[in-house]
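Working notes, structure below.
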Amino acid sequence: MEAASHHLTRVLSHGMNADTVISDWPALTSAEVTRVLQHYPQAGIPKRLVWHSPRPFSAGCVMTTSTMEVFVKRHHSSVRDVDGLSEEHRFINHLRSRGIAVSEVLTTSDGATAVTDDHWTYEVHSVASGIDLYRDAVSWTPFSSRVHAHEAGKALARLHLAAEGYAAPARKAQALVSSFTIFSQQDPMPALQDYVGQRPAIGDYLKHRNWRDETATTLLPFHDRLRPYLDELTPLWTHNDWHASNLLWTDRSAAAGVETILDFGLSDRTCALHDLATAIERNIIEWLSIQDKQNAQAGKQNVVHPDLLDAMLDGYHLIRPLSARQWQALAALLPLVHAEFALAELAYFHGITRSAKNASLAYDTYYLGHAAWFNSEEGQRLLEQIKQRAVSRQSNS
């Protein structure tokens, strides 16, 4: 067993922009993981801690044991408790029962899938098969090939088919869940008020902002375009963080397929088009390049990848075909799909990590800024590219 590092050691993690930053949370240590794994008899005897995750909202690591490699993830109790983790674990297990390749959630000797220790909550997964091609990629990094995009689209469609019939209710109000309860309504403002009221940290931040008018000016015009298609947004449990780095791949080539799906931490009951729109936002638009002032001053172009968009949507449509109205609904939903998770991030940064800089990013740059970008020439071209699929669908019907 390697020597345990100091409990307050922190690793570098992905920040809210292109920078690498010190993690919000202390790194997991060998001694800590060994203590956790005592609750999981099937995990075997811990041997060596081999990797720390750079993801920012929790601490994660891979530990080799006498029987396998395990991925251990630690959350602060203000972010996830046992009940909150159990919600996503039940969805993972449902997908496994339907033949979807996801990581195996290990259970304790008492049959639980998560444990608490002091002010931390832990979960343990077996390390799934596949190549972690995008391990170091931050969110909003595009696919490295059209084939990857196509295969990711196919895999997402298969997940949605497998999720049909999973009738669990939406998750309880908690930090960092990508829900869809505001702009799915005919009148989003009362729903927004309810969302804020259930999350005091957001209310505290917004008391100094003219947030109702800002929402009305920036987001409600997009909701007006979505409203005619709300009947296409059938509730469904979804992944909600579909990014190349949350997929394991069959090999290291540009022609690799998806082998395993990871990280259901943001999953909730939203709808299939919300998940597909999220996949577009995560993989097709280089938001960090848009935010980068140096790139902006240099006139950087092509922050959208239309070839990758077509490949991913072609892959999805091959497995789970969309109607003309659904393509129209997808285009209408895309400028709003980020909004609710941006508010969830605001609650995390203002109420838990107390980062004024990141709270401002969550509200100004993500909640308002991402929507406003779709009024730009490039944003409009992206939406038109999706709408053209509806035209083609109608022409072929």
Between the side chains of [Y] and [X], is the shortest nitrogen-to-carboxylate-oxygen separation below 4.0 Å, so that they form an ion pair?
X    : Y    : answer
R74  : D117 : no
R80  : E123 : no
R282 : D275 : no
K154 : D314 : no
R55  : D24  : no
R325 : D231 : yes
D263 : K73  : yes

With a 4.5 Å heavy-atom cut-off, do [X] and [Y] have their side chains touching?
X    : Y    : value
I261 : L248 : no
V82  : T116 : yes
M63  : K47  : no
C61  : W51  : no
S86  : R90  : yes
R269 : L236 : no
R212 : Q193 : yes
P142 : E286 : yes

Is it true that a side-chain atom of [X] and a backbone atom of [Y] form a donor plus acceptor pair closer than 3.5 Å?
X    : Y    : value
D204 : P200 : no
T141 : A137 : no
R98  : A162 : yes
T67  : A43  : yes
R146 : D307 : yes
S97  : H94  : yes
D268 : R171 : yes
T108 : D110 : yes
H75  : D81  : no
W249 : E259 : no

Strictly under 6.0 Å, is that where the ring centroids of H148 and F143 end up?
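That pair fails the under 6.0 Å test.
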
State yes or no: are the ring centers of Y134 and W140 separated by less than 6.0 Å?
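Between W140 and Y134, which both carry aromatic rings, the centre distance is not below 6.0 Å.
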
Among T113, L85, V124, side chain to side chain contact (heavy atoms under 4.5 Å, CB included) partner for V105:
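Exactly one candidate clears the test, T113.
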
Once you measure the plane-to-plane angle for [X] and [Y], does it fall in the parallel (<30°), tilted (30-60°) or perpendicular (>60°) bin?
X    : Y    : result
H119 : H76  : tilted
F183 : H223 : tilted
W327 : H317 : tilted
F264 : F91  : perpendicular
W373 : W287 : perpendicular

Could you tell me if R199 sits above the aromatic ring of Y195, with its cationic atom closer than 6.0 Å to the ring centre and no more than 45 degrees from the axis?
yes

Do [X] and [Y] meet the criterion of a side-chain donor-acceptor pair at a distance under 3.5 Å?
X    : Y    : value
E384 : Q380 : no
Q174 : E87  : yes
E340 : S179 : yes
E214 : Y367 : no
Y348 : S355 : no
S360 : D364 : yes
T270 : T238 : yes
S253 : D251 : yes

Report the C-alpha separation of L233 and F180 in whole Å, then their side-chain angles, then the decisive distance to 0.1 Å, and conclude whether the side-chain contact (heavy atoms from CB on, under 4.5 Å) test is met.
CA-CA 10 Å; L233 308 183; F180 186 44; 3.8 Å; yes

Common cluster, [X]/[Y], ILVMFWY with side-chain heavy-atom separation under 4.5 Å:
X    : Y    : result
Y363 : M189 : yes
L383 : V337 : yes
I386 : V303 : yes
L262 : M68  : no
L156 : L313 : yes

How long is the straight-line distance from [atom2] of [Y] back to [atom1] of [X], given to the nearest 0.5 Å?
X    : Y    : atom1 : atom2 : result
L273 : H160 : CG    : NE2   : 8.5 Å
S178 : H239 : OG    : NE2   : 11.0 Å
L308 : S145 : CG    : OG    : 8.0 Å
W242 : I280 : CH2   : CD1   : 14.0 Å
L333 : L330 : CG    : CG    : 6.5 Å
L206 : R209 : CG    : CZ    : 8.0 Å

Testing the basics here: between [X] and [Y], what is the closest heavy-atom pair and its distance to 0.1 Å?
X    : Y    : result
A256 : V147 : O-CG1, 4.0 Å
L219 : H338 : CD2-CE1, 4.3 Å
F349 : A362 : CD1-CB, 4.3 Å
L336 : A332 : CD1-O, 4.4 Å
L37  : P46  : CD1-CG, 3.8 Å
Q385 : D310 : NE2-OD1, 3.0 Å

Between Y229 and Q326, does a side-chain contact (heavy atoms from CB on, under 4.5 Å) hold up when you go through it step by step?
CA-CA 8 Å; Y229 302 103; Q326 288 170 327; over 6 Å; no

